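Structure first, then comments.
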Number of protein chains: 4
Amino acid sequence: MAKPNIIKKAQLIEAAKQCVIENGIESLTFRSLAAKANVSQGTIYHHFQSKERLMIEIIENISEASWEELGSISDSKQFINDALSSALSRQQSNSSFHQLFLSLVVMSLHNKQMKNKISNLIKIENDNLSNILHKLDKDQWIEGISHEHLAILLNSLIDGIAIQSLTVENFPAEEIFESLYKLFSLLINIKGD
Amino acid sequence: MAKPNIIKKAQLIEAAKQCVIENGIESLTFRSLAAKANVSQGTIYHHFQSKERLMIEIIENISEASWEELGSISDSKQFINDALSSALSRQQSNSSFHQLFLSLVVMSLHNKQMKNKISNLIKIENDNLSNILHKLDKDQWIEGISHEHLAILLNSLIDGIAIQSLTVENFPAEEIFESLYKLFSLLINIKGD
Amino acid sequence: MAKPNIIKKAQLIEAAKQCVIENGIESLTFRSLAAKANVSQGTIYHHFQSKERLMIEIIENISEASWEELGSISDSKQFINDALSSALSRQQSNSSFHQLFLSLVVMSLHNKQMKNKISNLIKIENDNLSNILHKLDKDQWIEGISHEHLAILLNSLIDGIAIQSLTVENFPAEEIFESLYKLFSLLINIKGD
Amino acid sequence: MAKPNIIKKAQLIEAAKQCVIENGIESLTFRSLAAKANVSQGTIYHHFQSKERLMIEIIENISEASWEELGSISDSKQFINDALSSALSRQQSNSSFHQLFLSLVVMSLHNKQMKNKISNLIKIENDNLSNILHKLDKDQWIEGISHEHLAILLNSLIDGIAIQSLTVENFPAEEIFESLYKLFSLLINIKGD
DNA sequence: TATGAATGAGAATTCATTCAT
DNA sequence: CATGAATGAATTCTCATTCAT
C-alpha cells in the first residue's frame with residue numbers, strides 16, 4: 001500500500017521531466033503530464049497539491065540523484081579526462097539534463113521555495129566536485145584558489161557551456177572541451193605535482 | 001509619424017523587459033505588458049504580431065545593445081580588471097540582465113526562431129570578447145587555445161557564475177571573481193608577454 | 001461604444017439573477033451564466049473580473065433598484081394595505097426576489113465585501129420604509145418605538161416570513177398576512193390618530 | 001459496535017456544522033470535513049452516502065435539538081423576557097445557529113428533500129412556540145390572531161432580525177430587542193388578562 | 001494607429017464519488 | 001469499518017488573438 005504509491009509518484013516525476021525536456025517547461029501542464037503518464041489530472045493533484053509542488057519535487061528528485069552520484073577517482077589526469085568527458089557527454093547525448101536544469105532555474109527566479117531547492121541542488125553539485133578535488137590529494141590545484149572556489153568555477157563553466165551548446169548553432173562542443181582540457185592540464189602543471 | 005512609432009515600440013520592449021525582470025518570463029503576458037506600458041492590449045498587437053515576435057524582438061533589442069558595447073582596451077591587466085569588474089557589477093547591481101537572458105534562453109529551447117536569435121546574440125558576445133582579446137596584441141593568451149575558444153570559455157564562465165549568483169543563497173560573488181582574477185593573472189603570466 | 005457596453009453588462013447581471021433564481025446560487029457558475037446569456041465565458045470575465053465581483057455587482061444592482069423604489073403614500077391605512085399587499089405579492093408571484101436576496105445574504109456571510117454591500121442594501125430598505133412611516137405624518141406609530149426601529153422590525157418580519165413562505169410546505173401566506181394586517185391595525189389604533 | 005458508530009456520526013455532523021459556521025456552506029466539502037473531523041474522506045462516505053444526505057442529516061440534527069428544547073413557562077411577562085432574551089443571546093453569542101440555519105435554507109431552495117426537512121424544522125419551531133403561547137393560559141394573546149399565527153409571526157421576526165444582525169454593520173441588536181419587548185408588552189396589555 | 005470588447009481554447013484546481021485493500 | 005488512491009467532470013480563471021470602431 002505504501003510502496004506502490006512511492007513508485008507511482010516517482011513515475012509521475014519521471015514523466016514530468018520528460019515533458020519538460022520534450023516540449024519545454026512552458027508546456028509542462030497538468031493536462032499534458034496526465035496524458036504522458038496515462039493518468040487523470042485528478043491523480044496528479046492527489047500526489048502533488050500544486051504545480052509549484054510538482055516543480056519542487058522535480059528539483060528534489062534531481063538533487064537526490066546528484067547525492068548518489070559521488071564518484072571515486074584517484075588519478076588527477078584520469079579525473080580530468082573523466083570529468084570533462086562526462087560533462088561533454090552530458091552536453092551532447094544527455095543534454096536533456098541541462099535543458100531541465102536551466103528551465104527549473106528560470107522558473108525559480110521568482111519563487112522563493114523553488115529558489116531554495118535550486119540553491120541546495122547547486123550547492124550539492126559544488127560540494128560533490130569539491131570533494132573530488134580534495135580526494136585527488138593535492139593541497140591546492142591552483143595557487144591561491146581553494147578547492148571550493150575552483151569547484152564553483154568549474155561547475156559554472158560547465159553550466160555556461162551548456163547554455164551555448166543548447167542554443168548556439170553548430171556549437172563546436174568537442175573542440176571547446178578540448179581547449180578546456182588543455183587549459184586545465186596547463187593549470188595543473190604549473191603548480192601541480 | 002515614423003519616429004514616434006519606433007520610439008513607442010522601443011518603450012514597449014523596454015516595458016516588456018521590465019515585466020520579465022520583475023515578475024518572471026512566465027508572467028510576461030499581453031495583459032501585464034499592456035498594464036505596465038499603459039496602453040491597450042490591441043496596441044501591442046499593432047507593434048508585435050504575436051507573442052513569439054515580441055520575445056524575438058526583445059532578443060534583437062539586447063543583441064543591438066551588445067553590438068554597440070564594443071569596448072576599446074589596450075592594456076591586458078586593465079582589461080582583466082575591467083572585464084571582470086564589469087562582469088561582477090552585472091552580476092550584482094545589474095543582475096537583471098542575466099535574469100532576462102536566461103529566461104529567453106529557456107523560452108528559446110523549443111522555438112527555432114528564438115533559438116536562432118539567441119544563437120546570434122551569443123555569437124555576437126563571443127565575437128565581442130574575442131575581438132577584445134585580439135586587440136590586446138597577444139598572439140595567444142594561452143598556449144594552444146585560440147582567442148575564439150578562450151572567448152567562448154570566458155563568456156560561458158560568466159553565464160555560469162550568473163546562474164549561481166542568481167539562485168544560490170549567500171553566493172560569495174566577490175570572492176569568486178577574485179579567484180577568477182587570480183586564475184587569469186596566472187594564465188597570462190605563464191605564456192604572456 | 002460606451003452605452004452598448006453598459007447595456008450588455010446589465011444584461012449579464014439580469015441573466016445572473018435569473019440563474020440564481022432558477023437553479024440556486026450554488027449553480028451560478030460562469031459556464032451556466034455564459035450559456036444563459038449566450039456569450040462566451042471569456043466575455044463574462046471581461047466584464048466582471050471574478051465571481052466575487054459578479055455577486056457584488058448583483059447586490060449593487062438590487063440596491064439601485066431599491067433606491068428608485070421610494071413610494072409616495074399619504075394615508076396610513078392605505079399604506080398598510082399597500083405595503084402588506086405588495087409584500088404579499090412579492091412573496092408569491094415575485095418570491096424570486098427573496099430567493100435571490102437570501103442566497104446573497106448567505107454568500108456574504110463569509111465575505112467582507114459582499115457583507116458590506118448587503119449591509120448597505122438592507123440599510124437602504126430600512127430607510128425607505130422609515131421614510132414612508134415618517135411621511136404618514138404621525139409622531140410615533142407605536143409608543144416608545146421610533147420610526148427607524150419600527151422599520152427595521154417590519155422589514156425583518158417581511159424577510160422572516162419570506163423564509164417560511166419559500167420553504168414551508170403549504171405555508172398559508174395569505175392568512176398570515178391577514179393576521180399581520182390585524183396586528184398592525186390594532187397597533188395603529190392604540191396610539192394612532 | 002452500534003453505539004460507537006452513532007457517536008462517531010454525531011461527531012461528524014458536529015464537525016460539519018462547525019465547517020459551515022466557520023467557513024460558509026460553500027466550503028463545506030468532503031475534503032474540509034474530513035480534515036476537520038480528522039478522518040479520511042472515505043470514512044465520511046460510510047456514514048453519509050452523499051453530500052445531499054450529509055446536509056439533510058445536519059438539518060435533522062438541528063430539528064432533534066429543537067424537539068428537545070421545549071420549555072416550560074407559566075408567567076407571560078416572564079415568558080416574554082425569557083423568549084426575547086434567549087433570542088437576543090442567540091443573535092449575539094450564538095449567532096452561529098442562524099448562520100447555519102440560513103445557509104441550509106438557501107441550499108434547500110432547489111432541493112426537494114432538503115426543503116421538506118427544513119419545512120419540518122420550521123414547523124417544529126412554530127409548534128414549539130405555539131405550545132408555549134398556549135401554556136400561558138390565555139385564550140388569545142391578540143384579538144383575532146390565533147396562537148399558531150402569532151407563533152409564525154414571532155419566529156419570522158426572529159429569523160428576519162437574525163439576517164440583519166448577521167449582515168448589517170453596527171446593527172443595534174439590543175435596542176431592537178428592547179423595542180420589540182415594548183411592542184409585545186403593549187400588545188399583551190391591550191387585550192391581555 | 002489605437003482601442004477595448006469579445007472569444008475559445010486551455011490553464012490550474014476542486015469536487016463528489018468509487019473502490020480495492 | 002476505515003482508508004486513501006484514483007477518477008472525470010466541473011469550476012474559476014487566464015491567455016493570445018481577432019475585429020469592429
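It should be emphasised that the depicted structure is a prediction, and the values quoted were computed from it without experimental measurement. Below, read A as the first sequence line, B as the second, and so on, with proteins coming before strands; counting in each chain starts at 1.
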Q.
Without decimals, in angstroms, what is the distance between L12(D) CG and dC1(F) C1'?
A. 12 Å
Q: Going by the side chain to side chain donor-acceptor pair (under 3.5 Å) test, name the single residue among Q18(B), E14(B), E22(B) that passes it with K36(B).
A: E22(B)
Q. Got a sec? Which of residues 100-111 of chain C come in under 4.0 Å of DNA chain E, heavy atoms?
A. none
(Q) Is there a side-chain contact between H47(C) and the phosphate of dG4(E), meaning an N or O under 4.0 Å from OP1 or OP2? (A) no
Q | Residues which pass side chain to side chain donor-acceptor pair (under 3.5 Å) with Q11(B), listed by chain and number, not counting sequence neighbours | A | none
Q) Can you name the residues that form a side chain to side chain donor-acceptor pair (under 3.5 Å) with T29(D), not counting sequence neighbours? A) S32(D)
Q: Measure from CD1 on I44(C) to C1' on dA6(E) and round the result to the nearest Å.
A: 12 Å
Q.
F48(A): which residues meet the ring-ring contact (aromatic ring centres under 6.0 Å, His included) condition with it, sequence neighbours left out?
A. none
Q: Would you kindly compare V39(D) and S40(A) by the position of their nearest DNA chain F nucleotide and give the one closer to the 5′ end?
A: V39(D)
Q: Under the side chain to side chain donor-acceptor pair (under 3.5 Å) rule, collect the residues that match up with N23(B), sequence neighbours excluded.
A: none
Q. For nucleotides 13-19 of chain F, read 5' to 3', which letter fits each nucleotide if B means a protein heavy atom sits under 4.0 Å from the base, S means only the sugar-phosphate is that close, and - means neither?
A. BBSSBB-
Q: Grab the CG-C1' distance between L33(C) and dA10(F) for me, whole Å please.
A: 16 Å
Please report, to 0.1 Å, the donor-acceptor pairs under 3.5 Å made by any side chain of residues 114-121 of chain C, with sequence neighbours excluded.
| from | atom 1 | to | atom 2 | distance (Å) |
| --- | --- | --- | --- | --- |
| K117(C) | NZ | E60(C) | OE2 | 2.7 |
| S119(C) | OG | E169(D) | N | 3.0 |

Q | Over 12 non-hydrogen atoms of neighbours within 6.0 angstrom of CZ in R53(B) | A | yes
Q: If a pair satisfies ring-ring contact (aromatic ring centres under 6.0 Å, His included) and one of its residues is in residues 15-39 of chain B, list it, with sequence neighbours excluded.
A: F30(B)-Y45(B)
Q | DNA chain F: stems of at least 3 consecutive Watson-Crick or G-U pairs whose donor-acceptor distances fall under 3.5 Å | A | E:2-21 with F:2-21
Q: Report the residues that fulfil side chain to side chain donor-acceptor pair (under 3.5 Å) with S50(D), sequence neighbours left out, ordered by chain and then residue number.
A: none
Q.
At a heavy-atom distance below 4.0 Å, what parts of residues 16-23 of chain A sit against DNA chain F?
A. none
Q: Check the angle between the aromatic planes of H98(D) and F101(D) and answer parallel, tilted or perpendicular using the 30° and 60° thresholds.
A: perpendicular
Q | Contacts of type salt bridge (charged side-chain N to carboxylate O under 4.0 Å, His left out), residue E26(C), not counting sequence neighbours | A | none
Q | Where E52(D) and N111(D) come nearest, the two heavy atoms and their spacing | A | OE2-ND2, 2.9 Å
Q: Mark yes or no for whether K17(B), through its side chain, and I62(B), through its backbone, hold a donor-acceptor pair below 3.5 Å.
A: no
Q | Side-chain N,O (T43(A)) to OP1/OP2 (dA5(F)) below 4.0 Å | A | no
Q.
Output the rounded distance in Å from NZ (K8(C)) to C1' (dA20(F)).
A. 13 Å
